[in-house]
Number of protein chains: 2
Amino acid sequence: MARTDERFRSAYNRLLDICSSMDIGDQLPAETVLAERMEVSRTIVRSALQKLDSDKLIQWEGRNKTLVRKPQSKHRLEAAESALSTEELEHRFFEWILRFDVPAGTSLNVAQLSRQFGVPVHNIQELLAGLSRLGLVERRPRGGWSLLGFTSEFAVELSEFRMLLELNAVRHLLTLPPEHEIWQRLEALKREHEELKAVLKDHYHDFSLLDEKFHSAINSVVRNRFVLEAQKLIKLIFNYHYMWDKRDELERNAAAIDEHLEWIDAMLARDEVQSEAAALRHLRRSKETLLQSLRVHKFA
Amino acid sequence: MARTDERFRSAYNRLLDICSSMDIGDQLPAETVLAERMEVSRTIVRSALQKLDSDKLIQWEGRNKTLVRKPQSKHRLEAAESALSTEELEHRFFEWILRFDVPAGTSLNVAQLSRQFGVPVHNIQELLAGLSRLGLVERRPRGGWSLLGFTSEFAVELSEFRMLLELNAVRHLLTLPPEHEIWQRLEALKREHEELKAVLKDHYHDFSLLDEKFHSAINSVVRNRFVLEAQKLIKLIFNYHYMWDKRDELERNAAAIDEHLEWIDAMLARDEVQSEAAALRHLRRSKETLLQSLRVHKFA
DNA sequence: GATTTTGAGTTTAATTATTAAAAACAATAT
DNA sequence: ATATTGTTTTTAATAATTAAACTCAAAATC
């Protein structure tokens, strides 16, 4: 068979809803109106009307579409569970790779991944084609794909790229006028860091959320689609590593909070040199942590 | 039907060549050896051998494959002209967009592009899936794709991203030791710029090549897959604009050469402040040129 | 008579089915 | 033992298929 009639099914159900809100004997609006309202083509509207007619829910003659009886729940068509969206698929793919430490060089095959994630082969193809542009996977000469990423070189390069982007964000941030909302956000973040620091022993798990919030704030001052796209990947990878590298979590988070605070203070003082220095210190340590967690996993 | 037997046909022809270079009564090598030499799977080798056998060109019994008679040109299978490679396709796609000023928001349809470029639908799908990751195209809700890029915002963001990357490269370059090969390359580039400047009136078209060479040299000191990937796109777009924006080409190139020379001199003098300033001056003007050429094309 | 709406036919595109090709495995000959 | 072949299984590219969108002419309504 060819494409699914999922679009038809959901449109039909929406049409039932429209019928429900009408009285028996009322006329349904014109095909074009329905098509517009339901955001589908007239073709779908017509086939849905046809089904309503043959199910004796409406009487359809020319442009008269009279509601004969109110639809009941038994009339609804069950919608096939919607497949994962592109973003969900991507998320689950990374989750799989990071959680199971799928090693670089692993050959990926489309059919197997398609089964594993319960999505059409097509979607996997597109995902891989996209990731190949980020240098994460590679098409092998005689068909098939091969996972490249998540070697330590990858982590180093990603970290360095992250430094590049965040240092740029910091430089840009320091040129913003005092009335810019970022300064308030930084003040708030400073308070949140101090609050968490006070109760860290019992809440050190909360840091990863605060960490993301902080870095997002810094990066938010740069509006650039290329930077944004890169940050998506960076966030994903760093976050996953935070999630399961549990060694010395308390100590690491305590150190990170102090580094953040230094960094925030330097920015609030509009001190360019100190800000960059503090940013570098934190980003370098972050890179080391990522690298170390990769090593630990490799030899675990 | 499913996939073409193009691979088989070309393998068969190559096998005929091998037979031609042998004498009647000779034995063909083992299947694995043939497969390796011809860079195809044994499956193909075996089906080609089968055809040779049934065409009475060889006698095949177990591991004896005896050449019975020499193949003639009539035995050759005609091969379908080979399709474009992924990179060629990408190149031609950008060429089309930039040359015909395909406006942002244009709906792209896979079947039509497939015909236009003479490649299977499949390849177009993959190309678009990849480009969607760069924010150049977008999948539309009701199927199909839509071109996003090449608005002036895109040009601005691309230019700014380029600045970010090249300034980073400059900073990194200045930390390299005197024995690094980049310094010789810069000296050579300086000479080339001066030579071209002397004869610019008659050879101003040669600048775009030198320009690419110069920027590639600067960027070559950064080894990072994300940076590299971004630079591919940047190079492509800037180069195309150079290619057909012919207004004031002589003046623009003369100015650019002077900017490059200032920049090179500052780097050779290991002057960090001057290098960055010169780089910024050139990159800012470059951005303006790109923007202007976009405007001109839009209202032409 | 102009406009809206419908009917029918055509085109486009997503997905499945199919087949070529590759890979894996097992058996046999050297 | 090792090299080679025979067989089976798996994978991936593409053609066929069908849902959905689009187009245009005819008919109905105002």
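Basis for what follows: all heavy atoms, side chains included, without hydrogens, waters or symmetry-related copies. Order of the sequence lines fixes the chain letters, A, B, ..., with proteins taken first and strands second; residue numbering starts at 1 for each chain.
When all heavy atoms of A:Arg14 and A:Val40 are compared, the pair lying nearest together is NH2-CG1, 4.4 Å.
For B:Arg63, the side-chain atoms get nearest to C:dT28 when compared with the rest of C:dT28, D:dA20, D:dA28. Closest to the A:Val40 side chain, of the nucleotides C:dT6, C:dA21, D:dA21, is D:dA21. Side chain of A:Trp60, nearest nucleotide from C:dG7, D:dG6, C:dA22: C:dG7. Nearest to the side chain of B:Ser41, among D:dT7, C:dA21, D:dA21, sits C:dA21. Here the side chain of B:Arg42 is nearest to one of D:dA20, C:dT5, D:dT7, namely D:dT7. Side-chain proximity of A:Asp5 to the nucleotides C:dA21, D:dA19, C:dT6 is greatest for D:dA19.
Between A:Ser47 and B:Gly62, it is B:Gly62 whose nearest contact on DNA chain D lies nearer the 5' terminus. Nucleotides of DNA chain C nearest to B:Leu108 and A:Asn64 differ in position, and the one nearer the 5' end is that of A:Asn64. Each of B:Thr43 and B:Pro29 has a nearest nucleotide on DNA chain D; the 5'-most of these lies closest to B:Pro29.
Going from atom NZ of B:Lys65 over to atom C1' of C:dA29 covers 12 Å, rounded to whole Å. Remark: P of D:dA19 and CD of A:Glu6 are 14 Å apart, rounded to the nearest angstrom. Across the protein-nucleic acid pair, B:Glu31 atom CD and C:dA24 atom C1' stand 15 Å apart, rounded to whole Å. In this structure, the CG atom of A:Asp53 is 14 Å from the P atom of C:dT6, given to the nearest Å. Spacing between atom CD1 of B:Ile44 and atom P of D:dT11 amounts to 18 Å, rounded to whole angstrom units. Nucleotide C:dG7 holds its P atom 11 Å from the CD atom of A:Glu61, rounded to whole Å. Between A:Phe8 atom CZ and D:dA21 atom C1' there is a gap of 15 Å when expressed in whole angstrom units. With rounding to whole Å, A:Leu34 atom CG is found 17 Å from C:dT4 atom P.
Annotation: B:Arg223, atom CZ; neighbour count of heavy atoms from other residues, nucleotides and ligands within 6.0 Å does not exceed 12.
Using a 4.0 Å cut-off between charged nitrogen and carboxylate oxygen, B:Arg46 and B:Asp53 do not count as a salt-bridge pair. With salt bridges taken as basic N to acidic carboxylate O contacts below 4.0 Å, none links B:Lys65 and B:Asp26.
Between the side chain of B:Asn224 and the main chain of B:Phe226, a donor-acceptor pair closer than 3.5 Å is present.
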